[in-house]
Amino acid sequence: MHQFAVPSGLFSLDLTLSCGQVFRWERQGDWWQGIVGNDVICIRQKGDLLLSASGREEPIRSYFQLDLDLDGILRSIDRDPVIHGAIGRCRGLRIIRQDPWECLASYIIATYANIPGIKKKIRLLSESFGEPLETETGTYYRFPSPEAIASSDLCDIRKCSLGYRSEYLCETAGVIAEEPGWADRIAALPCGEARKELMALKGVGPKVADCVLLFAFARYEVFPVDVWIARIMQQCYSPPASAGYNRIAGEGRARFGEYAGYAQEYLFCDRQHLTSGSS
DNA sequence: CGCCAGGCGGGAC
DNA sequence: GTCCCGCATGGC
């Protein structure tokens, strides 16, 4: 059993894992089980301590970005009463540093679906095509590699109830599998170039591209716009009702600055509160 | 049952 | 460039 300190009052494991940025972690009582790097991790939080039944500290610190100055980020985006309320209710939420391929594939699958459904699709896909890992609490499955997806029969992929997303995933998996250095190449590009490259992939539009830039490549300035964010921006901020994607995303970027992506994630996490008319 | 979901591709204009 | 539509499937 390892334990190590997290920044006091500036990390919430529960909010970070359950806010809908990642889809594969499973909660069992006070414990969360998931994968960090190459290891299956069992982890829980007690106050300002993180307890881990397995796994080394450094990959966990990196995965949760525990060395990032969250307090400074929150102060920099705390620019109006709406985001101020969201920060108050979601303090401790951190943007996870995700694996690029898993993030890309997950958000292709996530298009026009709800979060419980997304989790199910990704679980089916992992159990069908991912490498099994035996643990003391049962079998866990790795997220399928692009090679595993690309070389599988489309009919089998369809069985994971991905619907029309099956073809997009399969085609994009093939492209990624052909280029082993894909993630490094994208990481080295300026944000706009990286976004263009991502959007050239099947099933990747502006929203998926921005999610991948934010969650896998740590481009904290991007402001992904889904139906909830569009609703919040229209309801809580200026009311140009039918504004296109890039206009809303640009407004978020301009309003919240270089950590607009963090503001977006706090607004998304607080979406029920913000859209139920109580602000 | 009907409505909605972390949108996208393909066309029209 | 923007607008519009169809879309598979499951959750609620």
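Every chain is numbered from 1 and lettered A, B, ... according to where its sequence line falls, protein lines coming before strand lines.
Aromatic ring centres of Phe23(A) and Tyr107(A) lie closer together than 6.0 Å.
In this structure, CG of Leu169(A) is placed 13 Å from P of dG9(B), rounded to the nearest angstrom.
Without hydrogens or angle criteria, Ser128(A) side chain to Cys160(A) main chain gives no donor-acceptor distance under 3.5 Å. When atom types are taken as modelled, the side chain of Lys121(A) and the backbone of Leu162(A) share no donor-acceptor pair closer than 3.5 angstrom. Remark: the backbone N or O of Phe129(A) is not paired with any side-chain donor or acceptor of Glu127(A) at under 3.5 angstrom. Although no hydrogens or angles enter the test, the distance criterion places no donor-acceptor pair under 3.5 Å between the side chain of Glu131(A) and the main chain of Pro144(A). Under the 3.5 Å distance criterion, the side-chain polar atoms of Tyr262(A) are left unmatched by any main-chain donor or acceptor of Leu74(A).
Of the charged side-chain nitrogens involved, at least one lies within less than 4.0 Å of a carboxylate oxygen, so that Lys159(A) and Asp156(A) count as a salt-bridged pair. By the 4.0 Å N-to-carboxylate-O rule, Arg253(A) lies too far from Glu221(A) to be salt-bridged with it.
Residues Arg24(A) and Ser126(A) have side chains that bring a donor and an acceptor to within less than 3.5 angstrom of each other.
Taking every heavy atom of residues 195-231 of chain A and every atom of DNA chain C, no pair lies under 4.0 Å. Residues of residues 101-110 of chain A having a heavy atom closer than 4.0 Å to DNA chain B, listed by number: Tyr107(A), Ala110(A).
Note on residues 1-11 of chain A: no pairs pass salt bridge (Lys or Arg N to Asp or Glu O under 4.0 Å), not counting sequence neighbours.
Comparing dG11(B) with dA8(C), their P atoms sit 15 Å apart, to the nearest whole Å.
Relative to the ring axis of Phe268(A), Arg271(A) places its NZ or CZ within 45° and under 6.0 Å from the centre.
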Inset, instruction - Assign a letter to each nucleotide of nucleotides 5-12 of chain C from its 5' end: B, base within under 4.0 Å of a protein heavy atom; S, sugar-phosphate only; -, no contact. - result: --BBSBSS

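Between Trp101(A) and Phe143(A), the two ring planes are perpendicular [angle over 60°; tilted spans 30° to 60°].
Every ring pair (Phe, Tyr, Trp, His ring centres under 6.0 Å) that Phe64(A) has, sequence neighbours left out, goes to Phe11(A).
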Legend entry - Pairing string, 5' to 3', for DNA chain B - Watson-Crick or wobble contacts under 3.5 Å, brackets [ ] where pairs cross, | to another strand: .||||.|||||||

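Here Glu265(A) lies in heavy-atom contact (under 4.0 Å) with a base.
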